[in-house]
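Reading through the structure tokens given below for one structure.
For the numbers below, each heavy atom of this structure counts, side chains included, while hydrogens, waters and symmetry mates do not. On a predicted model such as this, the values are computed, not experimentally measured, just so you know.
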Amino acid sequence: MTMAHTDRKPGISWVVLLGAGLAVASALVLVAAPVGYRLGILPLRVALLTFLRWGVYGGIAAAVVSLIGLVMTLVRPREMRRGTALAAVSLLVGVVLVAVLARFRMGPPAPPIHDITTDTQNPPEYVAVLPLRANAPNTTVYGGDKIASQQREAYPDLQPLMLKVPPARAFERALATVRKMAWDLVGEDATAGRIEATDTTFWFGFKDDVVIRIRPADGGSRVDVRSLSRVGVGDVGTNAKRIRRFLDALAVE
């Protein structure tokens with residue numbers, strides 16, 4: 001009698017497979033949040049507070065389970081270490097998913113405001129973008145001292161930019177900088193010294209409007225910038241970062 005002997009390779013640990021499944025599910029949930037909002041399927045609150053939150057929870061779970069699966073696989077004999085690469089990739093995916101969203105919370109907590117300006121006493125006014133904001137939940141009316149005090153505490157570095165060039169030249173430089181920033185130019189008024197543009201965020205496609213005001217000052221020009229979100233109560237520091245990037249680029253233009 002001849003007996004056939006078949007070598008069976010050990011399977012991948014169920015812990016590793018679970019970690020991989022959690023990583024895939026978390027990635028799909030996180031992608032569904034901005035896609036669903038952009039397509040009008042998900043309300044903003046649901047996309048941000050439900051889908052993103054559970055996507056992060058899933059990413060944490062995926063990382064923890066995959067780490068356990070990786071350790072369990074590595075302690076096996078060499079010939080039984082199937083699933084090592086899968087566990088490592090799942091662990092990496094979980095960490096990346098959490099890190100992508102955690103970066104919005106890095107540094108000091110941002111105040112729950114969405115209207116930032118370098119001149120809190122007399123903020124630049126919007127004109128050309130008003131028709132585009134007709135249905136926007138956030139008004140262009142500045143919130144006054146309450147908003148200004150929160151901004152000064154959170155972003156004390158945001159100040160007007162003083163340029164040693166005439167206003168006409170400062171206007172040209174500001175306009176060129178807007179184009180370099182790849183914002184959508186909405187309006188330009190050289191006589192009034194005002195430039196208006198719209199910046200669209202990458203993930204959710206939020207529309208934030210920017211107005212730049214140039215005035216003569218001390219033999220040169222003073223540049224003030226205001227950045228205002230159309231939706232949302234807080235901006236997690238996005239408008240302040242946008243103003244900083246613009247002023248830094250303009251200073252070296």
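- Summarising the local packing, CG of Asp218 is surrounded by 12 or fewer heavy atoms from other residues, nucleotides or ligands at distances under 6.0 Å.
- Ion pairing of Arg226 with Asp224 is absent here, as no side-chain N (NZ or NE/NH1/NH2) approaches a carboxylate O to less than 4.0 Å.
- Between the side chains of Asp208 and Thr201, no donor-acceptor pair of N or O atoms lies under 3.5 Å.
- Contact annotation: the side chain of Leu42 never approaches that of Thr50 to less than 4.5 Å [non-hydrogen atoms, C-beta and beyond].
- Of the inter-residue distances, the one linking Ile214 atom CD1 with Arg169 atom CZ reads 12.0 Å to the nearest 0.5 angstrom.
- The minimum heavy-atom distance between Phe246 and Ala174, with the atom names listed, is CE1-O, 3.9 Å.
- Side-chain contact check for Val211 versus Thr117: every heavy-atom pair is 4.5 Å or farther apart.
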**Q.** side-chain contact (heavy atoms from CB on, under 4.5 Å) assessment of Arg213 paired with Arg194
**A.** CA-CA 5 Å; Arg213 183 180 66 199; Arg194 183 177 59 250; 5.7 Å; no

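- Two residues are said to be in side-chain contact when any heavy atoms from C-beta on lie closer than 4.5 Å; Asp235 and Ile116 meet this criterion.
- Under the 4.5 Å side-chain heavy-atom criterion for Ile, Leu, Val, Met, Phe, Trp and Tyr, Leu39 and Phe202 are members of distinct hydrophobic clusters.
- Minimum interatomic distance between Gly83 and Val16 (heavy atoms only, all atoms of both residues): O-CG1, 3.6 Å.
- Residues Pro111 and Tyr155 are in side-chain contact: their nearest non-hydrogen atoms beyond the backbone lie under 4.5 Å apart.
- Between Arg222 and Asp119 the shortest side-chain heavy-atom distance falls below 4.5 Å.
- With rounding to the nearest 0.5 Å, the separation of CG in Leu18 from OG in Ser13 is 9.0 Å.
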Contacts table for residues 52-62: side-chain donor-acceptor under 3.5 angstrom, sequence neighbours left out:
| residue | atom | partner | partner atom | Å |
| --- | --- | --- | --- | --- |
| Arg53 | NE | Leu49 | O | 3.4 |

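- For the residue pair Asp184 / Thr198, no side-chain donor-acceptor distance below 3.5 Å is found, with atom types taken as modelled.
- Within 6.0 Å of CG in Asp145 there are 12 or fewer heavy atoms belonging to other residues, nucleotides or ligands.
- When every heavy atom of Gly11 is checked against every heavy atom of Arg82, the shortest pair comes out as CA-NH1, 4.2 Å.
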Q: In sequence, state the C-alpha distance, the side-chain angles, and the governing distance for Arg245 and Lys241, and then conclude on side-chain contact (heavy atoms from CB on, under 4.5 Å).
A: CA-CA 6 Å; Arg245 289 197 303 268; Lys241 294 175 183 177; 3.9 Å; yes

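- Clustering ILVMFWY residues whenever any of their side-chain heavy atoms sit less than 4.5 angstrom apart, transitively, puts Leu30 in a cluster other than the one holding Val35.
- Legend: residues meeting side-chain contact (heavy atoms from CB on, under 4.5 Å) with Ala128, ordered by chain and number and at least two apart, are Val186, Glu196.
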Q | Verdict with reasoning, Val129 to Thr140, per side-chain contact (heavy atoms from CB on, under 4.5 Å) | A | CA-CA 10 Å; Val129 301; Thr140 59; 5.5 Å; no

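- Within the 4.5 Å cutoff, no side-chain heavy atoms of Asn239 are placed close to those of Asp115.
- Transitive grouping of hydrophobic side chains (ILVMFWY, heavy atoms separated by less than 4.5 Å) keeps Tyr142 and Tyr126 in distinct clusters.
- The two atoms that bring Gly69 and Ala87 nearest to each other are C-CB, 4.4 Å, heavy atoms only.
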(Q) Run the side-chain contact (heavy atoms from CB on, under 4.5 Å) test on Arg244 and Leu158 for me, step by step, so that the C-alpha distance in whole Å, both residues' side-chain angles and the decisive distance to 0.1 Å come before the verdict. (A) CA-CA 7 Å; Arg244 288 194 194 99; Leu158 291 184; 3.6 Å; yes

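- Contact of the Leu228 side chain with the Arg133 side chain is registered, since non-hydrogen atoms from C-beta on lie closer than 4.5 Å.
- The environment of CD in Glu125 is sparse: at most 12 heavy-atom neighbours from other residues, nucleotides or ligands sit within 6.0 Å.
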